[in-house]
Amino acid sequence: MNPYEKIGLPKIINGAGKMTYLGSSAIEPDVIEKIGMVAQGYVDMELLKPKIGKLAGRLAGAEAGCVTACSAAGIVISVASVLTGGDIYKVEMLPDVNWMPNEIIIQKGHMVNFGANIAQAIRLTGAAVKEIGMVTGTKEYHLLGAINERTAAIMYVVSHHAVSNGMLSLEQVIKIAHEHNLPVIVDAAAETDLSYYAGSGADYVIFSGHKAIGGPTSGLIIGSEERMHNCQIQDKGIARMMKVGKENIMGLYFALEQYSKRNEEKQVAEFEKIAEELQRLLADIKGVTTKIKWDATRPIPRVQLILGKNCKLTGKQMISELEGGNPSIRTRNHLVDEGIIQFDPRELKADELPVIAKRIFDILA
């Protein structure tokens, strides 16, 4: 029996993708086996974290890394590192920042809520948030005009939550920041191409360990050895309240090892096969049409269920019906107001596809 059903929760068919609210990724069996071995032993945590940080950082294409509880914790720790450097007195003072520089610049279109407000994650350190530009666009003069003696760093967000049109590019931000001797922090939590961001010139890059990488709940910051050391010592301060256990530290490393060896072309072909089969099963259902739409920046083919004008249900009603049964079918719903419900193939299994098709047929019938 599904262990979640045993405690009274419905089985979930995950067509939403690697979403935190669904527990992100299904961990591979060999990674789970290794985590089990780790869980039954002991280790000096002060030696483990920097050791795995360095190994994981190098696997991701950087000098070093710092393992965190999640990517949100990675934002807090990266900002804390910028504020304190290697000064342990300042580490212990946070969030009482009574020195400068202490402002983090971020484009208004990057002020996202990923389940929590990114501004709050920044402010937890005691830093001040300085928004620039408009939601319709940011120009270089907005960034240049905002930089002053109070500026500590610039935050850049890569996410489907962020505004994609009219924002300054990562390349533009890095160029301007480095001309002013300022570090750039990149939140690239769900991105798949780790090496691209490692080689971008950004000073801190934050990944989720439990999304593309497929590990247990965790996060990874990568950057220079000095900056990652300054991240590690936050464990003596506010990072103590968001500590990560030995199982998740090692689990992230095992998953990252596996991820770095993956055959991406083969993996994408498998995603495409799942998407095409689901589209085939949905093809004859009246009131809806389908198409496969690839993600704008990542190699993910998603099936779009497009509700026709004569469909009896709105998109939100359809989602409610899909989620309300057992199994509960979860979907990617960013386009629901346009009458489009999406199915992400990455966490779907072949035997779940007929279940999805039958449920949609039954709902509309």
J.: Would you find a donor on one side and an acceptor on the other, under 3.5 Å apart, between the side chain of Asn248 and the backbone of Pro216?
T.: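 No, because the side chain of Asn248 does not come within donor-acceptor range (under 3.5 Å) of the backbone of Pro216.
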J.: Can you name the one residue among Lys273, Gln279, Arg280 that meets side-chain hydrogen bond (donor to acceptor under 3.5 Å, both in side chains) with Glu277?
T.: Arg280
J.: Consider only side-chain heavy atoms of I, L, V, M, F, W and Y, link residues closer than 4.5 Å, and tell whether Val91 and Ile122 are in one cluster.
T.: no
J.: So among Ile300, Val303, Leu278, Val268, which one has a side-chain contact (heavy atoms from CB on, under 4.5 Å) with Pro345?
T.: Ile300
J.: Is it the case that the side chain of Gln107 and the backbone of Leu168 share a donor-acceptor pair, with hydrogens and angles ignored and the cut-off at 3.5 Å?
T.: yes
J.: Nearest heavy-atom pair of Ile13 and Pro327: which atoms, and what distance?
T.: CD1-CG, 3.7 Å
J.: Do other residues, nucleotides or ligands put more than 12 heavy atoms under 6.0 Å from the CG atom of Asn310?
T.: no
J.: Does some side-chain heavy atom of Asp295 sit less than 4.5 Å from a side-chain heavy atom of Thr297?
T.: yes
J.: Just checking, is any N or O donor in the side chain of Gln258 or Asp30 under 3.5 Å from an acceptor N or O on the other one?
T.: yes
J.: To the nearest 0.5 Å, what is the distance between CG (Leu194) and CD1 (Ile213)?
T.: 5.0 Å
J.: Rounded to the nearest 0.5 Å, how far does CZ of Phe343 lie from CZ of Arg302?
T.: 13.0 Å
J.: Quick one: CG on Asp187 to NE2 on His161, what's the gap to the nearest 0.5 Å?
T.: 9.5 Å
J.: Does CE belonging to Met134 count more than 12 external heavy atoms closer than 6.0 Å?
T.: no
J.: Around atom CD of Gln267, are there more than 12 heavy atoms from other residues, nucleotides or ligands closer than 6.0 Å?
T.: yes
J.: Apply side chain to side chain contact (heavy atoms under 4.5 Å, CB included) to residues Leu47 and Lys51 and explain how you reach the verdict.
T.: CA-CA 6 Å; Leu47 297 177; Lys51 179 69 173 181; 5.9 Å; no
J.: Using 0.5 Å steps for rounding, measure from the CE atom of Met19 to the CG atom of Asn333.
T.: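 It comes to 8.0 Å.
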J.: Work out which heavy atom in Ala198 is nearest to a heavy atom in Ile222; give both atom names and the distance.
T.: CB-CD1, 3.8 Å
J.: I'd like to check Tyr204 versus Val184 (side-chain heavy atoms, cut-off strictly below 4.5 Å). Are they in contact?
T.: no
J.: Taking all non-hydrogen atoms of both residues, which atom of Ala202 and which atom of Val186 are closest, and how far apart?
T.: CB-CG2, 3.5 Å
J.: Tell me whether Gln232 contacts the main-chain N or O of Gly65 through its side chain, where contact means a donor paired with an acceptor under 3.5 Å.
T.: yes
J.: May I ask whether Val67 and Ile27 are part of the same hydrophobic cluster, defined by side-chain heavy atoms of I, L, V, M, F, W, Y residues being less than 4.5 angstrom apart, directly or through others?
T.: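 Yes, because Val67 and Ile27 connect within a single hydrophobic cluster, where side-chain heavy atoms sit under 4.5 Å apart.
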J.: Check whether any side-chain heavy atom of Ile185 lies under 4.5 Å from a side-chain heavy atom of Ile154, and answer yes or no.
T.: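 Ile185 does not reach Ile154 side chain to side chain.
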J.: Taking C-beta and beyond as the side chain, do Ser200 and Ile174 meet within less than 4.5 Å on heavy atoms?
T.: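 Yes - at least one pair of side-chain heavy atoms lies under 4.5 Å apart.
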J.: If you look at every heavy atom in Tyr259 and Thr192, which pair is closest and at what distance?
T.: OH-O, 2.6 Å
J.: Applying side chain to side chain contact (heavy atoms under 4.5 Å, CB included), run through Glu33 and Phe254 and close with a yes or a no.
T.: CA-CA 10 Å; Glu33 183 180 356; Phe254 296 141; over 6 Å; no
J.: Roughly how far, to the nearest 0.5 Å, is CG of Leu364 from SG of Cys311?
T.: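 Taking SG in Cys311 and CG in Leu364, the distance rounds to 5.0 Å.
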J.: Can you tell me how far the CD atom of Gln120 sits from the CD1 atom of Ile118, to the nearest 0.5 Å?
T.: 11.5 Å
J.: Could you tell me if the side chain of Tyr42 sits less than 4.5 Å from the side chain of Lys246, heavy atoms only?
T.: no
J.: How about Ile106 and Met111: do any of their side-chain heavy atoms sit closer than 4.5 Å?
T.: yes
J.: Nearest heavy-atom pair of Ala152 and Val82: which atoms, and what distance?
T.: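 In this case the closest contact between Ala152 and Val82 is O-CG1, 3.3 Å.
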J.: Can you tell whether the side chains of Asp351 and Lys349 come within less than 4.0 Å, N to carboxylate O?
T.: no
J.: Just do the side chain to side chain contact (heavy atoms under 4.5 Å, CB included) check on Ile360 and Leu322 with the steps written out, would you?
T.: CA-CA 8 Å; Ile360 293 171; Leu322 289 170; 3.9 Å; yes
J.: Have Ser25 and Lys18 got a donor and an acceptor in their side chains that come within less than 3.5 Å?
T.: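 Yes - a donor-acceptor pair under 3.5 Å links their side chains.
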J.: Consider only side-chain heavy atoms of I, L, V, M, F, W and Y, link residues closer than 4.5 Å, and tell whether Ile340 and Leu348 are in one cluster.
T.: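 Unlinked, Ile340 and Leu348 end up in two clusters.
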J.: Applying the 4.5 Å side-chain criterion to the ILVMFWY set and letting contacts propagate, would Leu307 and Ile356 be lumped into a single cluster?
T.: yes
J.: Using the salt bridge (Lys or Arg N to Asp or Glu O under 4.0 Å) criterion, which residues pair with Lys236? Sequence neighbours excluded.
T.: Glu46
J.: Of the options Ile292, Leu335, Thr289, which is the one that meets Gln304 in a side-chain contact (heavy atoms from CB on, under 4.5 Å)?
T.: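 Only one of Ile292, Leu335, Thr289 forms a side-chain contact (heavy atoms from CB on, under 4.5 Å) with Gln304, namely Leu335.
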J.: In the single-linkage hydrophobic clustering (I, L, V, M, F, W, Y; side-chain heavy atoms under 4.5 Å), do Val43 and Val244 co-cluster?
T.: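 As far as the 4.5 Å side-chain criterion goes, Val244 and Val43 are connected within one cluster.
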J.: Below 4.0 angstrom, N of the basic side chain to O of the carboxylate: do Arg240 and Asp235 qualify?
T.: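 Looking at Asp235 together with Arg240, the answer is no, because their closest N to O distance does not fall below 4.0 Å.
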J.: Whether the side chain of His110 engages the backbone of Tyr156 through a donor-acceptor N/O pair (distance < 3.5 Å, no angle test) should be reported.
T.: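 It does not hold such a pair.
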J.: Is the closest basic N to carboxylate O distance between Asp337 and Lys316 below 4.0 Å?
T.: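 Yes, Asp337 and Lys316 are salt-bridged.
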J.: Using a 3.5 Å distance criterion without hydrogens, assess whether the side chain of Trp99 forms a donor-acceptor pair with backbone atoms of Thr84.
T.: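 Checking the backbone N and O of Thr84 against the side chain of Trp99, no donor-acceptor pair under 3.5 Å is found.
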J.: Does Met155 form a side chain to side chain contact (heavy atoms under 4.5 Å, CB included) with Val79? I'd like the steps, not just the answer.
T.: CA-CA 9 Å; Met155 172 73 70; Val79 172; 4.1 Å; yes
J.: Is the closest side-chain donor-acceptor distance between Thr151 and Glu103 under 3.5 Å?
T.: no
J.: Classify the side-chain pair Asn326/Ser328 by whether it contains a donor and acceptor separated by less than 3.5 Å.
T.: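 No - no donor-acceptor pair under 3.5 Å links their side chains.
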J.: Does the side chain of Lys130 reach to within under 4.5 Å of the side chain of Asn148, using non-hydrogen atoms?
T.: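 Side chain of Lys130 against side chain of Asn148, heavy atoms only: contact under 4.5 Å found.
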J.: Looking at every non-hydrogen atom in both residues, tell me the closest pair between Phe207 and Ala188 and how far apart they are.
T.: CD2-O, 3.4 Å
J.: Can you tell if the side chain of Leu305 reaches within under 4.5 Å of the side chain of Leu282, non-hydrogen atoms only?
T.: yes
J.: Closer than 4.0 angstrom, basic N to acidic O: yes or no for Lys175 and Glu171?
T.: no
J.: Looking only at the side chains, is there a donor atom on one of His178 and Asp203 sitting less than 3.5 Å from an acceptor on the other?
T.: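 A pair is found: one side chain offers a donor N or O, the other an acceptor, under 3.5 Å apart.
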J.: Is Gln40 reaching over with its side chain to a backbone N or O of Gly36, donor-acceptor style, under 3.5 angstrom?
T.: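 At least one qualifying donor-acceptor pair exists.
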J.: Any luck finding a side-chain donor-acceptor pair between Gln172 and Ser169 under 3.5 Å?
T.: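 Yes.
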